[in-house]
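The sequence lines fix the lettering, A, B, ..., with proteins before strands; numbering per chain opens at 1. Atoms considered below: every heavy atom in the structure, side chains included; atoms not considered: hydrogens, waters and symmetry mates. Owing to the predicted nature of the structure, the values given are computational and were not obtained by experimental measurement.
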Number of protein chains: 2
Amino acid sequence: MKCLDCGYELSELRQDIITCPSCGGLLEIKIEFPSEFDLRRLKGRGVWRYKDVIAGEYNKIVTLDEGNTPLIKSRKYDKTYFKFEGANPTGSFKDRGMTVAISSALSLNYKIVVAASTGNTAASAAAYSSRAGLKSFIVLPKGKVALGKLAQSILYGTVIIEVDGSFDIAMNSVMKLYRDHKIVYPLNSFNPWRLEGQKTIAYEIVEDIGVPDNVIVPVGNAGNIYAIWKGFNELLEGGLIDKVPRMIGIQAEGAAPIAKALEKGLEQPEFVDSPDTIASAIRIGKPVNWKKAIKAMKSSKGFAVYVSDNEIITAQQELARREGVGAEPASAAAYAGYLKLLSSKKIEESEKSVVILTGHALKDPDIMIKAEAKRILVNPEHIDQVILGDQI
Amino acid sequence: MKCLDCGYELSELRQDIITCPSCGGLLEIKIEFPSEFDLRRLKGRGVWRYKDVIAGEYNKIVTLDEGNTPLIKSRKYDKTYFKFEGANPTGSFKDRGMTVAISSALSLNYKIVVAASTGNTAASAAAYSSRAGLKSFIVLPKGKVALGKLAQSILYGTVIIEVDGSFDIAMNSVMKLYRDHKIVYPLNSFNPWRLEGQKTIAYEIVEDIGVPDNVIVPVGNAGNIYAIWKGFNELLEGGLIDKVPRMIGIQAEGAAPIAKALEKGLEQPEFVDSPDTIASAIRIGKPVNWKKAIKAMKSSKGFAVYVSDNEIITAQQELARREGVGAEPASAAAYAGYLKLLSSKKIEESEKSVVILTGHALKDPDIMIKAEAKRILVNPEHIDQVILGDQI
């Protein structure tokens, strides 16, 4: 394990260590890639299919059969695929990390878990901690969580702590809590063990279609783009693939600390105090994992761009109405970014691209319902007039 | 193909035939089970993994990689599993049937598709017809569709026709439309080709855990319990399994035409004019497929019971808070039924049971959000007091 902030190194993997023992900074987990690892010989499905490359020891695995999500071929772009993470048990990619983090918390005998969240982490943490029988607390920015996600947190029975202000304030309070009180297990993405689960997205893509040229990921707290890159990078170092795809991060215009900094040639993000976008899952002004994200992008010759809320809304509808795929706004942002990069020729249609759709459209019904729709009230005797009339 | 109503028989499978050419009644599709069919040699995943046993010819398959859903082991009941159909692309089991029905419509050169729906069929039909480039019309009972489902129908871009009254009225108008105008392809479950997709639930269960003793299914329009039974029955007739599980149907108390009739020893349902339950997906008073459902239950020594709305709500929360599984009310009804049957000793904990959870909790956020919750507004500086204070 190595600290990305101060360079501190631990020669062994210590599952009980989550942040740098020296400076409290971001740790990277480096696995010993098993020489006998063979994609053609894996058993089972989902995240734990890859248990031989998931760091850590687990005496009890808390699983809802997460992962193993569809890779849907685009109808319009012949070499483009959508990795549909909305098909996970709680409707987002968070479940991949949560099965590992909660199993880890249980194996380490923690009794209490906590997470700050824009909503998806909350839903996932609540589900998995309920299944594990762990007491959970979720810290949410009051009034800023999409209906589906808030409703899930309530249904799964966590304790919801609301704070006034943005996600970043909630996040900061959880980091402080963990710094001061190590008896609470943190489920946020600064916990590198959670990312061990998320990296399986890369393994699944490689099993399905080999290595793509581009992987396009929505960037909020910025852990997922790093996790996916880490998966590809392990496969490269293990000699199972011959390159890593370009990792391309997409942010929303009003919450684009990384994309805007990279655009200006800066080495670090310009934090945003009041992030603003309809894509609540990436409404984050101070991404905890920015160093990891920039490492993933730079080392893969990737980059980051941002898209406007209008572009997100248009992309969400296009995705639904042309491809039949329903993704939440933050995921649609990735598709909006893809479309933007195509039109600016930064990527080509002929390249093999995977757009990571991180969450289900159902997470945010209030956004969906605003789409323009044809709705007609008809006497049931006369539906034929509407349907056949429309035709003629 | 054989008509369950008048007994009319067709010696060949005719994909263009949906209802009985003689009386307009319910047709059953009987496949020639391929002698070389071997579960250990199947390729691919999801519904089309079973293409060799799906009746019909398809020159173009419209798929979102549906099926291949988690079979989640219960924490509490050691021999019980939850088949989590909420992990399908639009969040319900309907996608399994829709991929087959829409592929069929396309192969038969239809241009317009139509479905009546309580919501899940609408979302699925809208998604798949958009992906297929087909014009779709959805007939919904006005004001009676869960928010998530209505929002999906809007996002996917179908034409929404609302009618005053219950689902049964919407259903009846679609049946009449199809009877009068064969140029419109019907996507409801009276279409036996759709059920060819749904039967793959049985194939997946057998691949995962062999044949269970009981399969517990929510019953609304009553197509799914028959479809699942059909899958098991084919495997039995093909000699791949040695019994069919008991098929047990669960209805909601205020919409229990089949369960109440069977309880009284009647051979046919007592239709309900104004079905009433919070479980909107099974708020159906006149199930179109009742003959098929009764056939499935009787021939498997199964039966049907009903549960109250309170039992449904309690079961939904128990499922979420104890098992970590989020299912919509109609699905929770199946779990409520399972609990009721356990306590009345109609089934035993020691039997291997599979509860079919047909749709995702996210489909109906308004119900979830009503669950009792602990919500506290706190100054972010003081979350430790809440979390650690709670502990002590």
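Only the side chain of B:F84 comes within contact range of chain A, with heavy atoms under 4.5 Å apart. In this structure, the portions of B:N68 lying under 4.5 Å from any heavy atom of chain A include both its backbone and its side chain. Contact of B:H382 with chain A is not made at all, since no heavy-atom distance falls under 4.5 Å. Heavy atoms of B:D95 lying under 4.5 Å from chain A are absent altogether. Proximity to chain B (any heavy atom under 4.5 Å) is shown, for A:V378, by both the backbone and the side chain. Within the 4.5 angstrom heavy-atom criterion, atoms from both the backbone and the side chain of A:L64 approach chain B. B:S129 does not touch chain A: none of its heavy atoms, backbone or side chain, sits under 4.5 Å away. Interface residue A:A132: only backbone heavy atoms are found under 4.5 Å from chain B. Heavy-atom distances place both the backbone and the side chain of B:K363 under 4.5 Å from chain A.
Between A:K286 and A:D273 there is a salt bridge, with a side-chain nitrogen of the basic residue lying less than 4.0 Å from a carboxylate oxygen of the acidic one.
If you tally non-hydrogen atom pairs under 4.5 Å between each of B:G86, B:G324, B:G165 and chain A, the highest count goes to B:G324. Comparing B:L155, B:D366, B:I369 by heavy-atom pairs within less than 4.5 Å of chain A, the highest count is held by B:L155. Ranked by non-hydrogen atom pairs under 4.5 Å with chain A, the options B:K370, B:K149, B:K142, B:E323 are led by B:E323. With chain B as partner, the option from A:A371, A:A373, A:A170, A:P380 having the largest number of non-hydrogen pairs under 4.5 angstrom is A:P380. Most heavy-atom pairs under 4.5 Å with chain B: of the set A:R45, A:Q316, A:R322, this distinction falls to A:R45. Most heavy-atom pairs under 4.5 Å with chain A, from the set B:V184, B:V114, B:V325: that is B:V325. Counting heavy-atom pairs under 4.5 Å between each of A:Q317, A:H360, A:E372 and chain B puts A:H360 at the top. Counting heavy-atom pairs closer than 4.5 Å to chain A, the top-ranked of the candidates B:L177, B:L150, B:I161 is B:I161. Note: A:I160 leads A:I160, A:T158, A:L140 in heavy-atom pairs under 4.5 Å with chain B. Highest contact tally toward chain B, considering only A:V62, A:N379, A:T90, is held by A:T90 [criterion: heavy-atom pairs under 4.5 Å]. Per-residue heavy-atom pair counts under 4.5 Å with chain A were compared for B:P89, B:A361, B:G46, and the maximum is reached by B:P89.
From A:L319, atom CG reaches atom CD1 of A:I312 across 12.5 Å, with rounding to the nearest 0.5 Å. Separation of atoms NZ (A:K374) and CD1 (B:I138) is listed at 13.0 Å; rounding is to 0.5 Å. Here the straight-line distance linking atom OH of B:Y128 with atom CG of B:L187 works out to 12.0 Å at 0.5 Å rounding. For the atom pair CE of A:M98 and OG of A:S103, the computed distance is 11.0 Å after rounding to the nearest 0.5 Å.
For the side chain to side chain donor-acceptor pair (under 3.5 Å) with A:N120, the lone residue among A:K94, A:E328, A:E85 that qualifies is A:E328.
Summarising the geometry of A:P141 relative to A:S117, their closest heavy-atom pair is CD-O, 3.0 Å, with the distance given to 0.1 Å. Across every non-hydrogen atom of B:A320 and A:S130, the tightest pair is O-CB, 3.7 Å.
Neither side chain, A:K144 nor A:S280, offers a donor N or O lying under 3.5 Å from an acceptor on the other. Between the side chains of A:T358 and A:S331, at least one donor-acceptor pair of N or O atoms lies under 3.5 Å.
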**OP:** In sequence, state the C-alpha distance, the side-chain angles, and the governing distance for A:R49 and A:K43, and then conclude on side-chain contact (heavy atoms from CB on, under 4.5 Å).
**Re:** CA-CA 6 Å; A:R49 175 175 173 83; A:K43 294 236 166 74; 5.7 Å; no
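A:R131 places a side-chain N or O within donor-acceptor distance of the main-chain N or O of A:T63, the cut-off being under 3.5 Å.
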